[in-house]
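Notes follow once the structure below has been shown.
Bear in mind the structure is a predicted one, so any value in this text is a computation, not a measurement. Here is how names work: the chains are called A, B, and so on, in the same order as the sequence lines, proteins then strands, and each is numbered from 1.
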Amino acid sequence: MSKYDHNKIEKKWQAKWEKSKIWQAPKVAGKKKFYALIEFPYPSGSGLHVGHVRSNTAMDIISHKRRAEGYDVLYPIGWDAFGLPTENYAIKTGIHPAKVTKQNTDTFRKQLKRIGFSFDWSREINTTDPEYYKWTQWIFLQMYKKGLAYKSKMPINWCPVDKIGLANEEVVDGCCERCGSVVEKREKEQWMLAITKYAERLYNDLDGVEYLEKIKTQQRNWIGKSEGAEINFAVTFDNQPKAQDGSLAVFTTRPDTLFGATYLVLAPDHLFVTLSLTHKGLLNNEDAVRAYAKAAKNKPEIERTAEGKEKTGVRLEGIWAINPANKEKIPVYIADYVLAHYGTGAIMAVPAHDQRDNEFAKKFDLPIRQVIEPTYSQTTEPGKIREGEPFDHREAIIAVVKHWSEDKYIGLKWKQVAWGTFITGGIEKGQTPETAAKAELLEEVGYKNARFVKDYGIVHGKFYHVPKKTNRNSHAHMVYLELENDERVSVDTKEEAMHEVMWLTKAELAKFLTADTHQYFLKVLSGNGGIYTDYGTLSNSSTYNRMESAEAMKKIVDEVGGKMITTFKLRDWVFSRQRYWGEPIPMIRCEYCGLKNPETLGWIPVPEKDLPVKLPNVKKYEPTDDGESPLSTMEKWLRVKCPQCKNWARRETDTMPNWAGSSWYFLRYVDPKNKKALADKTLLKKWTPVDWYNGGMEHTTLHLLYSRFWHKFLYDLKLVPTSEPYIKRTSHGLILAEGGAKMSKSKGNALSPDEIIKAVGADTLRVYEMFMGPFGESIAWNTNNMVGVKRFLDRIWRLQDIVQKKEVADVNHALHVCIQKVGGDIEEMKFNTAVSAMMVFVNEVEKKGVGEKQLATFLRILAPFAPHITEEMWSVLGNKKSIHLEKWPKADKKFLAVSEVTIMVSINGKMREQFRAATDTDNETLEKIARTIASDRLKDQNIIRVIVVPNKLVNFVIK
RNA sequence: GCCGGGAUGGUGGAAUGGUAGACACCAGAGACUUAAAAUCUCUUGCACAGUAACAUGGGCGUGUGGGUUCGAGUCCCACUCCCGGCACCA
């Protein structure tokens, strides 16, 4: 057989496939359908990247397998072509962005086709096509009509270089995601989308989809649902004693700590602060407050939130709040660690039980009051709580007793039960924790002279008291004693029978103590107990003392007239961009109508029949100096008759962010040429939802959330059949440059697939990218390793020299193991081990030979990975139809079974001998053989146990 | 600081609690060749004992320290470092 000429053969089949439209999905999906989706690429000027190849190949393989399993498969491709890089390039070169886009998409298309992906090219879409963005605008109008799109003057992130407003999600480390310049705050009229109205559903519906767990977690964290309480604090003013109506609402997730709230903190831009400043004389330190608020406002969020940042703040002098629980008059501060847009923009500070409040209180010397006592429940034996049984309550002590001269402490090793504890005991009538501790010490150990050092407060322990056979809740004072000398009395024999006295160092105690409460005491003693932020048992809280957090929360909120509420971290989506290369927002501002209906502020939606609002063809795209869109200078375009009153009006000149077009593109693939609707409903019902969507982790919070939001909205309009767009979402790892650095244009280390394909072929590139490592993890490119894959494919090509008509029975087992492994691995995206399984098969076949049918079966499972070489070899074997139309082979149980297995013989878990035995040999026989084989080693040994695992091992435990 | 993910030979990596290092790369030795490339065969975790050389033998070894288990890369606890994301989120 001649050498495999990858360039010639790959191009040959690509041309044939294109001509036969082999990958074209049927217009209407049949009963078994599979919609495979990859994130459509942004056609950048630098062309396709090897990273694109990785994710595209993965979904290509899955699509191929589904076709072979009899599914109607839709695997579409298109271009997410609006965006800043193209616009910036156009500004620099003077070439129209539409033209740049055309060039780039042409390059991408050519490159993708040269890799042999099984895309349905007949459905290619482009977000910059007016026929496409007509529907992007149409969806926006529907949102406007439902009150989800609104214009609002508010502080936004402003990039002074790009001259656009950025969504919060687009700000990276306080800098513009695209240009890297520091983002400022600026007031601007912006179109907003009320994604927060969908927060609850976006959060809850994650339960019903098959996203990778880490993706769900990231979405949940971004949405940030938290349940808590809103509580009102009355406010009084020193300088206006008669003003009674002031009050401040705070949001807290820990209303159980209300009695420990010793001051309030407001965001520096809280409305209350602004109003207080307008009332002259209300504050005693107006200037300081004003200065701090101003500084905080101009400070980028990154500095407010920087790691290890020292807490800052200013007191609102002359203003007091009343803690509604204990009526205490407490001071009010402003500090930049509190954000105006989360919760109510105000917090009650509980410095004893919150890390940040604690730091702040220490810096400003504010009272710290403990109101939660640590509480532990034993969840493991011995002492695991018996569910449903009542608790007996006991006032108690835990006593740490230090040695008179050494740094050692008394530990009690219990004899009836595997406990290690400090000295414990109850507090009897008339005893204080101190006297109780001393009495226990004398009684249990006999030491007479101990000095009381400190009572560290109470720790609650819920456990099952094994000797006493009851659930116990012990409320124990942590008492620290130091022995003055070794003077000792003899101890009751009964006590002695209970436990053994040990002298232990702190390190030894950490291993020795079995109860969480005692471990906690040890931590406190070592000074690293920190502040206690968990739920626990209340103290210093009036009638709520001894109540546990969960119960106390509700009761306290009730008592002070607060309400339980749910808040989200998610914020509304800033939808305006002052740029040229985006979808024009289809709104018209009419002064006349505006006067008639102040509620709309004069905004009139463009009538649907007038869509799309096309971008005007102009020569300059630079944003204007005042930050307005370039469209604002195009008088001819923006002057328009008001659709309602027919007077002259102006178009909205802002455009949409590039996330708009990608929020619904997967719907358009289903019916890409539809002129009457975004897609036909029947077709949507047949094809959607997307069965499997693979993309990058970097799109988990922006694109994924936005598109789920739009889809839910369309579902509410009954335009799409399901409330979630994607059944399954997975993610791929990045490909790094050789050496592990991130590939980027600026570093000049980005790899283009073109030269690679020329040198080793598309099949090699595809298989290498699947073989290089776990699909979900980032991995560095390694040209050396690719050579191994090239060799692998060449060896497969040479199998044609050894293939024989007759089946080689000897390789059936290997073949079917391979079928099984490859099929399973594809489903789990474990492509690297799938490739390695095929390598193992080829190694085997080279030794043993292979029959034509067997080779054909192997080629079938390799075909999704390497579609060209397999198609060629398939046709050389005499097949007329494409290999890609063949059914997926099934692993035959008959061939998977093995008659003999290797049994290990191990001694104390260390492998010593091995032998072969028939599959499913019974345990007795295995043990007998093992005893014989290892007889030398077992001679004179005390075998205390033998473990036999069928088909695996025999382990002798000797002493 | 918080949230995710990770750490295994010279390298990429493999391994339902059961022979750690599959499969590759690199390296070394050999075959073929006038020669080289290509290809093929063999060796290849570390250190040691052993042998003329093989054979062989036990020891160590999956970031660190503990634990559970007959048996741990895998499970549990604590920690270190690296990567990604982020919101000081009350």
Which listed nucleotide (B:C89, B:U16, B:C70) is nearest to the side chain of A:Lys952? B:U16
Mate of B:C79 across any strand shown (Watson-Crick or G-U wobble, both atom pairs under 3.5 Å) is B:G63
State which residues pass salt bridge (Lys or Arg N to Asp or Glu O under 4.0 Å) with A:Arg369; sequence neighbours excluded, sorted by chain then number. A:Glu328
Using the P atom on both, measure B:C75 against B:G18 and round to a whole Å. 11 Å
Between B:A52 and B:G59, how many Å separate the two C1' atoms, rounded to a whole number? 26 Å
The nucleotide from B:G85, B:A22, B:U19 with an atom nearest the side chain of A:Thr902 is B:U19
Using the P atom in both, what is the distance from B:C81 to B:U68, to the nearest Å? 28 Å
For the pair A:Glu913 and A:Arg937, find out whether any cationic side-chain nitrogen is under 4.0 Å from an anionic carboxylate oxygen. yes
Run the ring-centre check on A:Phe360 versus A:Tyr263 and record whether the distance is less than 6.0 Å. yes
The criterion is salt bridge (Lys or Arg N to Asp or Glu O under 4.0 Å); which residues satisfy it with A:Glu230, sequence neighbours excluded? none
Nearest-angstrom distance, C1' atom, B:U43 to B:G17: 33 Å
B:G57 -> Watson-Crick or G-U wobble partner, both distances under 3.5 Å, gives B:C48
Identify the nucleotide, in any strand shown, that forms a Watson-Crick or G-U wobble pair with B:C2, with both distances under 3.5 Å; if there is none, say none. B:G85
Give me the distance, rounded to whole Å, that separates B:U44 from B:G57 when you measure between the P atoms they each carry. 16 Å
Is it the case that the base of B:C70 and the side chain of A:Asn955 share a donor-acceptor contact (distance under 3.5 Å, atom types as modelled)? yes
Of the listed nucleotides B:A24, B:G18, B:C88, the one nearest the side chain of A:Tyr337: B:C88
Between A:Ser226 and A:Gly909, name the one whose nearest nucleotide on RNA chain B is closer to the 5' end. A:Gly909
With rounding to whole Å, what would you report as the distance between B:C23 and B:G9 at their C1' atoms? 15 Å
Carboxylate-amine/guanidinium contact A:Glu900 A:Arg916, below 4.0 Å: yes
